[in-house]
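Encoded as structure tokens, the structure appears first; notes follow it.
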Amino acid sequence: MTSPSKKRPQGGITIVVGAQWGDEGKGKWIDWIAGGADVVARYQGGNNAGHTLYVKGQKVVLHQIPSGIFHEGRKCVLGAGVVINPGELVREMEKVAAFAKVTPDNLWLSARAHVITPWHVFMDGRREAVREASSGSAIGTTKRGIGPTYSEKTARSGLRLGDFVNPVARQSWVASMASTVEGFAAHLESDFNSHVSEWEAFAKVAERLAPFVCDAEARVRQCAAGGKKILMEGAQGTLLDLDHGTFPFVTSSSTIAAGACASLGLPPRDVTGIYGIAKAYVTRVGAGPFPTELMDETGNALRERGQEFGATTGRPRRCGWFDAVAMRYAQDVNGFDGVILNKFDILSGMDELKIAVAYEHPELGRIEQFPWNAEVLAACKPVYRTFKGWHGELPKKGGIEALPKEARDYIKAIEELSGIKVVGAGTGPGRDEALLGSDLERLVTVDA
Ligand code: GDP
Ligand code: IMO
Ligand code: MG
């Protein structure tokens with residue numbers, strides 16, 4: 001990778017979004033791009049996310065703390081649109097402390113963010129069990145309480161972090177839930193009778209987190225107004241978006257670029273760059289339609305070589321060929337200035353590669369537009385175009401032009417078929433194993 005230039009561009013808001021079904025390698029790139037940012041903010045999701053990066057050669061998976069935490073002096077923020085599991089967050093802070101200082105000066109937690117309580121985690125498991133029993137089709141959630149917490153928020157009865165750290169407000173929320181929500185009182189009672197009370201532990205971490213809780217959005221706006229560079233870290237991916245993903249097989253938040261400004265309360269007109277992260281193939285964890293999924297040896301080979309196992313739950317990821325129809329859709333929804341494609345090294349050694357250029361539906365015929373209906377998508381068969389593969393070890397540094405000709409042809413085809421501009425390529429999991437297109441240079445510009 002070329003070393004970042006020393007001149008810092010003034011201010012701006014850059015949003016980085018997963019362009020597929022999550023796990024595209026966002027953590028690695030945000031860690032890299034954060035070198036050129038002042039503020040790094042997560043804008044949605046919670047500890048369903050698992051963002052992998054390498055610090056001093058050691059693998060670290062972040063679930064809630066933004067992937068900029070390992071750059072000294074950066075302010076890391078969890079915005080209003082995030083849901084926070086307090087106990088898990090404290091555990092993560094302790095893990096990160098081995099590599100970086102985490103203090104109220106560099107970790108700002110929005111008082112507006114909603115809290116994942118033991119009740120929401122319990123309900124996530126229960127709803128999944130009910131779905132499985134009634135229709136045989138659970139969503140395959142991470143069981144981290146994400147859906148129930150967002151449901152509570154939209155029902156306007158959730159617990160916000162600012163109230164969680166205030167004992168009076170917290171107890172009043174618990175009392176109100178016990179008197180209004182069926183099953184809550186019984187859940188509390190059984191918890192207090194159990195050997196290890198989750199609720200007692202839950203209340204204990206409030207004190208620990210209190211100094212970190214603030215009007216994070218106001219601070220970020222102040223940073224933006226002062227010419228600081230803001231980097232927004234997406235979690236999950238475009239196709240898991242609550243409104244625009246493959247509903248109901250989605251997560252419960254707005255994962256797309258537009259969600260970033262809503263979460264942090266920032267004017268959309270101030271956004272200066274939107275970048276997508278994708279894999280050079282596709283993976284998905286959990287249930288839901290996946291037209292290019294490979295249920296064969298090639299799929300298994302991708303999983304093994306790519307170590308495609310969930311960073312949060314450890315579940316095997318479903319693997320398949322690159323889907324240009326879905327990528328075109330992600331481009332339309334997000335308006336990417338550029339897309340970074342990861343894991344070129346994993347495709348190395350395959351004689352042939354395929355890209356879905358359209359779908360074929362048994363009744364609707366050829367489909368070129370990503371359907372809104374998950375059932376329609378599930379019935380679609382991909383129409384493939386075949387490409388020549390590449391072999392051997394790939395360069396870890398330099399520009400995209402350093403890739404073998406077949407890989408460059410593959411990128412060119414993806415650009416043409418998906419209407420995207422590829423501005424970076426991953427050739428390994430490490431921070432430095434990345435090839436930059438010239439457009440990406442300005443993102444990683446750091447102070448002298
Ligand atoms: P995220 O959720 O989008 O941050 O992605 P995950 O961390 O869940 O999954 C991406 C996985 O791919 C992680 O294990 C990364 O270390 C790894 N990774 C990212 N980019 C590359 C790459 O270019 N090559 C290889 N071999 N691994 C990569
Ligand atoms: P990162 O940020 C991949 C999937 C789950 C399930 C669906 C709903 O690491 O890319 P949820 O627990 O959110 O209610 O589950 O969404 N899912 C992810 N898949 N990467 C993630 O995050 C994911 N977060 C949730 O597997 O299918
Ligand atoms: Mg992940």
Side-chain angles (χ1 to χ4, degrees), residues 1 16-32 42-54 59-64 66-67 82-83 85 116 120-121 123-125 127-128 131 137-151 233-242 245-253 255 276-290 302 305-318 340-348 393-394 396 424-435:
M1 185 182 296
V16 176
V17 181
Q20 296 162 328
W21 276 291
D23 301 332
E24 299 91 345
K26 298 176 291 293
K28 166 190 152 168
W29 280 93
I30 285 161
D31 173 38
W32 169 246
R42 273 275 307 267
Y43 61 87
Q44 44 67 232
N47 61 328
N48 49 348
H51 295 181
T52 312
L53 42 97
Y54 282 79
K59 178 174 165 175
V60 182
V61 180
L62 295 174
H63 300 286
Q64 300 185 87
S67 302
V82 167
V83 288
N85 182 315
I116 304 171
H120 298 116
V121 176
M123 285 303 286
D124 200 1
R127 282 184 197 167
E128 280 285 84
R131 279 188 204 106
S137 69
I139 290 167
T141 75
T142 58
K143 299 202 180 141
R144 297 298 190 268
I146 305 298
T149 306
Y150 278 113
S151 303
E233 172 175 1
Q236 290 79 54
T238 301
L239 306 176
L240 287 172
D241 182 86
L242 179 58
T246 50
F247 187 92
F249 304 100
V250 292
T251 191
S252 301
S253 64
T255 62
I277 311 283
K279 278 175 184 153
Y281 49 96
V282 181
T283 64
R284 174 164 206 172
V285 202
F290 178 1
L302 284 175
R305 297 195 48 183
Q307 279 303 292
E308 296 295 358
F309 298 92
T312 296
T313 59
R315 290 177 291 176
R317 295 177 182 146
R318 302 155 64 195
I340 295 164
L341 292 181
N342 273 320
K343 296 201 146 184
F344 273 87
D345 52 317
I346 302 305
L347 292 180
S348 193
E393 188 137 345
L394 298 183
K396 304 289 185 194
T427 53
R431 190 187 263 178
D432 287 344
E433 294 174 312
L435 310 176

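Just follow the structure's listing: the first ligand is 1, and inside any ligand the first atom is 1. Just so you know, these numbers come straight off a predicted model, no measurement behind them.
Among the atoms of Gly27, no N, O or S atom falls under 2.8 Å of the Mg ion (ligand 3).
The one candidate from Tyr281, Phe249, Trp21 that meets the ring pair (Phe, Tyr, Trp, His ring centres under 6.0 Å) condition with Phe290 is Trp21.
Comparing heavy-atom distances from atom 6 (C) of ligand 2 across Gly286, Gly234, Gly140 singles out Gly140 as nearest. In this structure, of Lys343, Lys28, Glu308, the residue bringing a heavy atom nearest to atom 11 (C) of ligand 1 is Lys343.
In this structure, the protein non-hydrogen atom closest to atom 23 (C) of ligand 2 is Gln236 CG, 3.6 Å. Of the protein's heavy atoms, His51 NE2, 2.7 Å lies nearest to atom 2 (O) of ligand 2. For atom 16 (O) of ligand 2, the closest non-hydrogen atom on the protein side is Leu240 CD2, 3.7 Å. Looking from atom 12 (O) of ligand 2 to the surrounding protein, the closest heavy atom is Thr142 OG1, 2.5 Å. Summary of contacts: the protein heavy atom closest to atom 27 (O) of ligand 2 is Val285 O, 3.1 Å. For atom 13 (O) of ligand 2, the closest heavy atom belonging to the protein is Thr251 OG1, 2.6 Å. Protein heavy atom closest to atom 7 (C) of ligand 2, with residue, atom name and distance, is Val250 O, 3.9 Å. Protein heavy atom closest to atom 15 (O) of ligand 2, with residue, atom name and distance, is Thr141 CA, 3.3 Å. Protein heavy atom in closest approach to atom 6 (P) of ligand 1: Gly50 O, 3.5 Å.
When each atom of ligand 2 is checked for a heavy atom of Asp23 under 4.0 Å away, the hits are 1 (P), 3 (C), 9 (O), 10 (O), 20 (N), 21 (C). The distance from ligand 2 to the heavy atoms of Ala235 drops below 4.0 Å at these ligand atoms: 2 (O). Which parts of ligand 1 touch Arg317 is read off a 4.0 Å heavy-atom cut-off, strictly below it: atoms 6 (P), 8 (O), 9 (O). Below 4.0 Å from some heavy atom of Gly27 lie the following atoms of ligand 1, by number and element: 4 (O). Atoms of ligand 1 lying under 4.0 Å from any heavy atom of Ile346, numbered from 1 in the order shown and given with element: 26 (N). Here is the list of ligand 2 atoms found below 4.0 Å of a heavy atom in Ala49: 1 (P), 2 (O), 9 (O), 22 (O).
The residue Arg284 has no part lying near ligand 2, judged by heavy-atom distances below 4.0 Å. Contact annotation for Arg144 and ligand 2: no heavy atom of the residue comes within less than 4.0 Å of the ligand. In Phe249, neither the side chain nor the backbone holds a heavy atom less than 4.0 Å from any atom of ligand 2.
In the model, Gln236 has a side-chain atom that pairs as donor or acceptor with a side-chain atom of Asn48 under 3.5 Å. Between the side chains of Thr141 and Arg131, no donor-acceptor pair is found at a separation under 3.5 Å. With no hydrogens or angles considered, a side-chain donor-acceptor pair links Ser67 and Glu233 at under 3.5 Å. Checked by atom type, the side-chain pair Thr142/Arg144 shows no donor-acceptor distance below 3.5 Å.
For Gly18, the heavy-atom gap to ligand 1 stays at 4.0 angstrom or more. The closest approach between a heavy atom of Gln236 and any atom of ligand 1 is not below 4.0 Å. Note on ligand 1: Gly428 sits in its first shell, one or more heavy atoms being nearer than 4.0 Å.
Taken from CG in Leu242 to OG1 in Thr255, the straight-line distance is 9.0 Å, to the nearest 0.5 Å.
Annotation: Asn48 places an N or O atom under 3.5 Å from an N or O atom of ligand 2; distance criterion only. On a distance-only criterion, Ser252 and ligand 2 share no N/O pair closer than 3.5 Å.
Nearest N/O/S atom of Asp23 with respect to the Mg ion (ligand 3) is recorded as OD1.
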**Request:** Evaluate the side-chain contact (heavy atoms from CB on, under 4.5 Å) criterion for residues Leu302 and Ile346: first the C-alpha distance (whole Å), next the side-chain angles of each, then the deciding distance (0.1 Å), finally the verdict.
**Result:** CA-CA 7 Å; Leu302 284 175; Ile346 302 305; 4.3 Å; yes
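Counting heavy atoms from C-beta on, the side chains of Ile116 and Val121 come closer than 4.5 Å.
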